[in-house]
There are 2 protein chains.
Amino acid sequence: MSNQNKEKNYLKNYRIHDYEVPLTCVDVVIFTIVDNAVNVLLSNRKHYPCKGAWAIPGGFIDLKKDHDLQQTAYRILFEKTGYQAPYLEQIGSFGNAQRDPRGWSVTITYFALVNVENVTFAADCQWYPINETGEVNKSLAFDHNELISEAFQRLRSKAQYSTIILPVLPEKFTLSELQTCYETILGGKLNKAGFRRRILKAEVITELSGEYKQTSTRTAQLYKRSDSDNVYFYMREIYAK
Amino acid sequence: MSNQNKEKNYLKNYRIHDYEVPLTCVDVVIFTIVDNAVNVLLSNRKHYPCKGAWAIPGGFIDLKKDHDLQQTAYRILFEKTGYQAPYLEQIGSFGNAQRDPRGWSVTITYFALVNVENVTFAADCQWYPINETGEVNKSLAFDHNELISEAFQRLRSKAQYSTIILPVLPEKFTLSELQTCYETILGGKLNKAGFRRRILKAEVITELSGEYKQTSTRTAQLYKRSDSDNVYFYMREIYAK
DNA sequence: CTAATAGTGTCTATGAGACAATATATG
DNA sequence: CATATATTGTCTCATAGACACTATTAG
């Protein structure tokens with residue numbers, strides 16, 4: 001038998017269920033900002049294990065429908081929030097023998113950034129604020145509080161040198177609102193003049209000429225995300241205190 | 001039946017093989033520097049599929065022996081290189097329906113940095129230089145050239161703002177050798193005075209007082225990694241040209 | 001007018017890039 | 001001494017941080 005035929009033969013007889021395999025699933029930590037606090041979307045589990053417990057949205061790969069991992073994550077996010085194209089990034093995979101009572105399990109974890117006003121979330125979901133350690137004050141299913149914490153660290157770290165957080169803002173926003181979002185995520189105050197210089201240099205937002213937001217005092221210029229709303233990466237980190 | 005008993009019952013009857021699951025494996029891109037070029041360790045596949053093809057070291061999770069994903073990666077690395085504690089970092093997971101002829105498959109990919117002199121690699125392995133696009137000039141099994149490229153991008157990107165590459169150096173080295181390593185990975189020349197200021201500021205290397213390396217001209221001060229050889233992250237990127 | 005927030009001007013501090021000067025080996 | 005590389009000094013430049021000043025709105 002030729003080598004090629006041997007390979008064909010091997011593949012014909014290959015059955016994944018002849019092997020011991022881990023559980024593999026995809027989880028998505030969905031962040032937004034509500035009332036100047038970072039919030040995460042929690043979903044109440046309908047099925048065993050951990051039925052009734054709160055958890056971040058997640059699920060198994062649909063081998064028939066999902067073309068790749070990213071699409072699994074998009075599907076999960078869409079099912080829970082109705083969002084079509086949010087900011088979505090893989091933060092890493094976590095796997096060990098203990099994290100799931102069913103056995104050795106791996107989660108490929110993503111994080112997403114959404115604007116709270118654009119979410120029409122499923123009935124089993126709710127926003128929950130995260131605390132200073134990047135977790136929620138609530139006992140969650142599996143190791144989900146750790147996953148949230150990891151995701152938040154990534155978010156905060158990226159906010160220090162990029163314009164990643166723009167998707168949490170509404171369509172139109174002021175520079176002060178944008179600065180407040182950064183301050184919320186970074187956990188400290190930023191210098192106003194410096195912040196403005198920095199964000200304008202990135203050319204990721206565009207002034208809406210003639211459009212202003214009424215406030216109790218001086219009106220503020222409105223901006224929108226630029227059409228080419230790619231994330232900009234700075235050569236230097238910003239410092240919040 | 002109580003809710004707790006129902007859960008126990010569910011777990012007792014849970015069989016992973018009742019579900020359609022993807023293949024899940026761990027692959028490790030092992031980098032070193034040989035003759036001022038970044039090299040990657042390739043292993044010749046002994047088993048189907050892609051028997052006889054070159055691939056990066058990888059394998060399945062051993063559900064009995066491996067406590068977590070990181071340990072799977074360490075095990076794979078140790079089996080191929082004899083290395084006990086190299087620099088190892090997860091770069092991400094890649095999964096889709098096409099990348100493995102056996103079906104939907106996920107790889108959790110790590111990259112490692114080793115010093116070439118400390119490796120005693122397995123007989124089925126060899127170093128292979130990577131080209132400007134971060135791939136090897138060779139057709140590899142599965143999507144392994146893409147994985148190498150992703151890993152190399154991560155390596156280069158991290159070298160711009162951290163001291164991550166120290167593990168590729170031998171026990172004792174000169175500042176010029178260290179700078180050459182950085183230049184090899186970054187793909188450009190660095191400013192000498194600036195580089196020295198920067199690396200010494202990080203306090204990740206220690207002068208070996210009285211020890212010098214003979215060269216054809218002036219001897220050079222030897223250094224070693226500091227005992228606390230944690231990776232240092234700079235607030236600002238370095239620029240190679 | 002006052003209060004409050006929006007928006008700008010400018011000085012300082014940090015650290016990288018450029019480039020040259022000096023030091024020390026070999027032959 | 002010539003040459004090559006190691007090592008250091010110093011000037012410039014970009015950008016962040018500090019801080020105060022001006023502008024504009026409501027009441």
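These figures come from a predicted structure and were not determined experimentally. Convention: sequence-line order gives letters A, B, ...; per-chain numbering from 1. Side-chain atoms are counted along with the backbone in the values below, which use heavy atoms only and exclude waters and symmetry mates.
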Base of C:dA23 paired with side chain of B:R218 (donor-acceptor, under 3.5 Å): yes
Nucleotide nearest A:K192 (side chain, heavy atoms from C-beta), chosen from C:dA6, D:dG9, D:dA14: C:dA6
Side chain A:S226, main chain A:I205, donor-acceptor under 3.5 Å: yes
Among C:dA18, D:dT25, D:dA18, the nucleotide that comes nearest once only the side chain of A:T219 is considered: D:dT25
Base C:dG15 to side chain B:K201, donor-acceptor N/O within 3.5 Å cut-off: no
Check: C:dT10 base within 3.5 Å donor-acceptor of A:R197 side chain: yes
Which nucleotide in D:dT7, C:dC19, C:dA4 has an atom nearest any side-chain atom of A:T217: C:dA4
Presence of salt bridge, B:R75 and B:E79, under 4.0 angstrom: yes
A:N191 (side chain) and D:dA16 (base): donor-acceptor pair under 3.5 Å: no
Polar side-chain atom of A:Q221 near backbone of A:L208 as donor-acceptor pair, under 3.5 Å: yes
Touch class at under 4.0 angstrom, heavy-atom based, for B:S176 against every strand present: sugar-phosphate
Residue A:A220, side-chain heavy atoms: nucleotide from C:dG7, D:dA18, D:dT15 that is nearest: C:dG7
